[in-house]
Amino acid sequence: MTLHLDDLRVRRLGECRYDSPFSEVLSTKQTSPHYVAEGDRVLLEDTVSMLTEHSLPPDRVPSFEAAGPRRKIYFDPANVTAGIVTCGGLCPGLNNVIRGLVQELSVHYKVKRILGFRNGLKGLTAEHRNDTIELTPDRVRDIHNAGGTILGSSRGGQDADEMVDSLVMRGVDILFVIGGDGGMRAATFLSKAIRMRGLDIAVIGVPKTIDNDLPFTDQSFGFQSAFARATDFISSVSVEAAASPNGVGIVKLMGRHSGFIASYAALAANSADIVLIPEIPFALGGADGLLAHVEQHVRSKGFVVIVLAEGAGQDLFEKHGLHQYNGRGTDASGNVKLGNIGELLKESITAHLTAVGLAPSMRYIDPSYAIRSVAANAYDSVYCLRLAHAAVHAAMSGRTEAAVARWRRRFVHVPLSLMTSRRNQVDPDGDLWMSVLETTCQPARFGPAPDRGELHRVS
Ligand SMILES: Nc1ncnc2c1ncn2[C@@H]1O[C@H](COP(=O)(O)OP(=O)(O)OP(=O)(O)O)[C@@H](O)[C@H]1O
Ligand SMILES: O=P(O)(O)OC[C@H]1O[C@](O)(CO)[C@@H](O)[C@@H]1O
Ligand SMILES: [Mg+2]
């Protein structure tokens with residue numbers, strides 16, 4: 001999908017009439033290598049070849065509006081009520097974003113009323129709309145030291161009109177939605193319903209995904225803390241595998257459609273022999289298949305370490321009739337429940353190595369929730385705070401139906417609809433995957449599977 005400048009424009013509620021608390025400090029600021037001035041824009045693409053391909057004049061080149069404070073704002077802070085909601089799966093840094101939003105709104109803009117909606121977008125339904133937490137700087141003072149979210153979260157769909165009713169009934173002028181692709185989709189529908197009713201409510205998204213699968217953001221907040229934690233598990237399994245006869249270490253990590261956690265954690269631990277991700281299908285059997293490669297590793301090195309994303313190899317269940325590992329249906333938000341690729345690999349590798357006389361010592365772990373429930377590390381804490389600042393500035397200046405994101409190191413506004421227009425995935429031809437191949441020395445692909453019944457069936 002080719003994006004044009006007009007696709008990247010962010011909606012505004014109206015003219016900015018009020019002086020911002022940042023007017024003075026902004027009066028002398030200009031774009032520099034470390035600052036993008038109000039009114040300047042950040043390029044979507046960043047290579048000479050991509051730019052020359054358009055041959056567009058600079059003011060027509062696709063670009064994002066820069067995030068940050070404005071000299072004039074849309075809302076009168078004295079009369080603003082803000083709402084905050086966190087949705088979907090947990091991610092390190094949720095509390096840091098909440099704290100950053102509350103601090104910025106209260107300390108600089110002097111907003112007096114901030115409501116925290118509880119348990120995700122469920123908190124905006126008629127049943128739960130009055131069950132809110134009053135958020136003050138005092139209330140959020142220490143929350144960033146813990147993982148999770150003080151507001152709670154949930155999955156499952158809600159009616160957009162019912163949620164708009166809640167915002168109107170609670171007098172909310174600005175809603176911050178901290179969520180993943182589902183949350184951003186819900187925020188988009190909610191914004192549309194607000195617009196249809198001609199209401200003056202700003203909706204600003206703060207993209208959150210442990211899988212790093214949202215587009216138009218360099219890397220999502222909390223991702224670094226999560227993969228750092230995952231690295232510990234890979235290191236432990238590597239030590240175990242190396243110390244055991246025919247050791248096989250397997251670590252299954254989150255990553256439904258995108259193998260970023262697996263790739264980064266494997267690079268950080270620098271001890272994996274094989275990394276398997278959803279973006280690159282692999283075959284189990286055959287001379288070039290995964291099982292043969294595992295066997296060769298165990299024969300030559302004495303052990304093997306495999307890191308896999310939960311969404312890897314999902315085609316194998318059907319292909320090999322292994323229905324016992326297959327996922328069943330969808331979760332409350334419509335996300336497909338995945339088959340258990342970790343269990344499948346554990347059992348098929350055990351069967352294969354036993355059959356070739358290399359009965360393995362299997363060390364399999366699925367750290368799952370242990371990696372996404374941790375508190376944000378120092379890097380993510382800074383990132384969350386800066387995203388929160390950007391979100392507050394965007395909302396107070398009347399931007400709506402937009403998310404704040406860091407794109408090519410700059411903070412920008414991204415139209416909400418774009419956040420769900422595509423999925424960020426590891427590019428098999430990109431430099432991240434090349435680094436994984438350079439580090440593991442694994443072949444670019446395992447397979448194709450000859451489908452000759454070489455797979456040792458597992459019971
Ligand atoms: N297609 C949709 N239409 C309307 N609302 C949706 C849709 N998908 C999700 N939502 C809403 O967004 C919320 C969060 O969605 P979901 O459970 O998919 O998590 P998420 O925000 O994608 O986070 P993550 O994927 O990081 O766990 C749901 O509770 C639901 O209210
Ligand atoms: O068990 P839950 O809470 O539905 O979350 C699991 C999913 O959430 C995520 O962390 C984010 O979507 C996925 O990686 C994982 O599959
Ligand atoms: Mg999601």
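For this chain, numbers begin at 1 and follow the sequence in order.
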Checklist entry - Roughly how far, to the nearest 0.5 Å, is the CZ atom of F227 from the CD1 atom of I261? => result 10.0 Å
Checklist entry - So do S220 and P207 actually touch side chain to side chain, heavy atoms under 4.5 Å? => result no
Checklist entry - Nearest heavy-atom pair of S258 and D213: which atoms, and what distance? => result OG-CB, 3.3 Å
Item to check | R41 side chain to S63 side chain, donor-acceptor N/O pair below 3.5 angstrom | outcome: yes
Item to check | Set of side-chain contact (heavy atoms from CB on, under 4.5 Å) partners for S435, sequence neighbours left out | outcome: L267
Next on the checklist: What I want to check is whether the side chains of D40 and T31 have a donor and an acceptor closer together than 3.5 Å.
Outcome noted: yes
Item to check | Short side-chain to backbone donor-acceptor contact, E240 and R363, under 3.5 Å | outcome: no
Next on the checklist: Taking CG in N130 as the centre, count heavy atoms belonging to other residues, nucleotides or ligands within less than 6.0 Å. Is the count above 12?
Outcome noted: yes
Checklist entry - Taking all non-hydrogen atoms of both residues, which atom of G205 and which atom of M184 are closest, and how far apart? => result CA-CE, 3.9 Å
Checklist entry - Quick check: are there more than 12 heavy atoms from other residues, nucleotides or ligands sitting under 6.0 Å from CD of E134? => result yes
Checklist outcome for this item: Rounding to 0.5 Å, atoms CZ (R229) and CD1 (I234) come to a distance of 12.0 Å
Checklist entry - What is the distance from atom CG of L175 to atom OG1 of T400, rounded to the nearest 0.5 Å? => result 9.5 Å
Checklist outcome for this item: Between A193 and V164, the two heavy atoms sitting closest are CB-CG2, 3.7 Å
Checklist entry - Just by distance, do the side chain of W407 and the backbone of V42 share a donor-acceptor pair under 3.5 Å? => result no
Next on the checklist: Any side-chain to backbone donor/acceptor pair from Q314 onto G339? Under 3.5 Å, distance only.
Outcome noted: yes
Checklist entry - Counting distance only, does the side-chain N/O of R129 pair as donor-acceptor with the main-chain N or O of E162 below 3.5 Å? => result yes
Item to check | Least distance between heavy atoms, A146 atom then N95 atom | outcome: O-ND2, 3.2 Å
Item to check | Validation row: F446, I274 side chains within 4.5 angstrom (heavy atoms) | outcome: yes
Checklist entry - Just wondering, do S263 and I277 contact through their side chains at under 4.5 Å, heavy atoms? => result yes
Next on the checklist: Less than 4.5 Å apart, side chain to side chain, heavy atoms only: is that true for R155 and N335?
Outcome noted: yes
Listed pairs under 3.5 Å, donor-acceptor, residues 73-91 side chains, sequence neighbours left out:
residue: Y74; atom: OH; partner: D200; partner atom: OD1; Å: 2.6
residue: Y74; atom: OH; partner: D200; partner atom: OD2; Å: 2.9
residue: D76; atom: OD1; partner: A78; partner atom: N; Å: 3.3
residue: D76; atom: OD2; partner: N79; partner atom: ND2; Å: 2.9
residue: T81; atom: OG1; partner: R113; partner atom: NH1; Å: 3.1
residue: T86; atom: OG1; partner: T149; partner atom: OG1; Å: 3.0
residue: T86; atom: OG1; partner: G152; partner atom: O; Å: 2.8

Checklist entry - Do K208 and L94 come within less than 4.5 Å of each other through their side chains, counting heavy atoms only? => result yes
Item to check | Check against salt bridge (Lys or Arg N to Asp or Glu O under 4.0 Å), R197 and D165 | outcome: CA-CA 11 Å; R197 293 205 211 169; D165 287 343; 2.9 Å; yes
Item to check | Which atom of P415 lies closest to which atom of D7, heavy atoms considered | outcome: CG-O, 3.5 Å
Checklist entry - Where the side chain of N212 meets the backbone of F260, is there a donor-acceptor pair that is under 3.5 Å apart? => result no
Checklist entry - Do F221 and I178 come close enough that some side-chain heavy atom pair is under 4.5 Å? => result yes
Checklist entry - Should T188 and S191 count as side-chain neighbours, where that means a heavy-atom distance under 4.5 Å? => result no
Item to check | Salt-bridge contact K72-D19 (side-chain N to carboxylate O under 4.0 Å) | outcome: yes
Next on the checklist: Does this structure show an ion pair linking R71 with E38, if we count only N-O contacts that are shorter than 4.0 Å?
Outcome noted: yes
Checklist entry - Please walk me through it: do T136 and I114 pass side-chain contact (heavy atoms from CB on, under 4.5 Å)? => result CA-CA 7 Å; T136 61; I114 308 169; over 6 Å; no
Checklist outcome for this item: dist T125:OG1 -> D159:CG (nearest 0.5 Å) comes out at 10.0 Å
Next on the checklist: With a sphere of 6.0 Å drawn around CE of M196, does it hold more than 12 non-hydrogen atoms of other residues, nucleotides or ligands?
Outcome noted: no
Next on the checklist: If we ignore hydrogens and angles and just use 3.5 Å, is the side chain of S333 paired with the main-chain N or O of G156 as donor and acceptor?
Outcome noted: yes
Item to check | Step-by-step side-chain contact (heavy atoms from CB on, under 4.5 Å) determination, F223 to D211 | outcome: CA-CA 7 Å; F223 172 72; D211 295 353; over 6 Å; no
Next on the checklist: Closer than 3.5 angstrom, by distance alone: can the side chain of R99 be matched with the main-chain N or O of R141 as a donor-acceptor pair?
Outcome noted: yes
Checklist entry - Taking 4.0 angstrom as the limit, do E401 and R195 come out as a salt bridge? => result yes
Checklist entry - Do R70 side-chain atoms and G68 backbone N/O form a donor-acceptor pair below 3.5 Å? => result yes
Checklist entry - Please walk me through it: do V404 and V206 pass side-chain contact (heavy atoms from CB on, under 4.5 Å)? => result CA-CA 6 Å; V404 288; V206 184; 4.3 Å; yes
Checklist entry - Going by atom types only, do T132 and R170 share a side-chain donor-acceptor pair under 3.5 Å? => result yes
Checklist entry - With distance as the sole criterion, is a donor-acceptor pair present between the side chains of E279 and H257 under 3.5 Å? => result no
Item to check | Ring centroid separation H393 to F22 under 6.0 Å | outcome: yes
Checklist outcome for this item: Rounding to 0.5 Å, atoms CG (L432) and CG (L437) come to a distance of 9.5 Å
Item to check | N119 (side chain) donor-acceptor with K122 (main chain) under 3.5 angstrom | outcome: no
Item to check | Where K29 and V25 come nearest, the two heavy atoms and their spacing | outcome: CG-O, 3.5 Å
Checklist entry - To the nearest 0.5 Å, what is the distance between CG (N424) and OG1 (T209)? => result 8.5 Å
Next on the checklist: One pair to check against side-chain contact (heavy atoms from CB on, under 4.5 Å): R399 and I204. What are the steps and the verdict?
Outcome noted: CA-CA 8 Å; R399 266 67 180 179; I204 297 294; 4.2 Å; yes
Checklist entry - Does CZ belonging to R17 count more than 12 external heavy atoms closer than 6.0 Å? => result no
Compile the donor-acceptor pairs under 3.5 Å between side chains in residues 380-392 and protein atoms, sequence neighbours left out, one pair per line.
residue: D380; atom: OD1; partner: G222; partner atom: N; Å: 3.1
residue: D380; atom: OD2; partner: G222; partner atom: N; Å: 3.4
residue: D380; atom: OD2; partner: Q224; partner atom: N; Å: 3.4
residue: D380; atom: OD2; partner: S225; partner atom: N; Å: 2.8
residue: D380; atom: OD2; partner: S225; partner atom: OG; Å: 2.6
residue: S381; atom: OG; partner: N96; partner atom: ND2; Å: 3.3
residue: S381; atom: OG; partner: N377; partner atom: O; Å: 2.8
residue: Y383; atom: OH; partner: Q219; partner atom: O; Å: 2.6
residue: H389; atom: NE2; partner: E104; partner atom: OE1; Å: 3.4

Checklist entry - So which of R11, R410, R12 actually passes salt bridge (charged side-chain N to carboxylate O under 4.0 Å, His left out) with E65? => result R12
Item to check | Expected output: side-chain D181 to main-chain T420 donor-acceptor under 3.5 Å | outcome: no
Next on the checklist: I'd like to check R139 versus I133 (side-chain heavy atoms, cut-off strictly below 4.5 Å). Are they in contact?
Outcome noted: yes
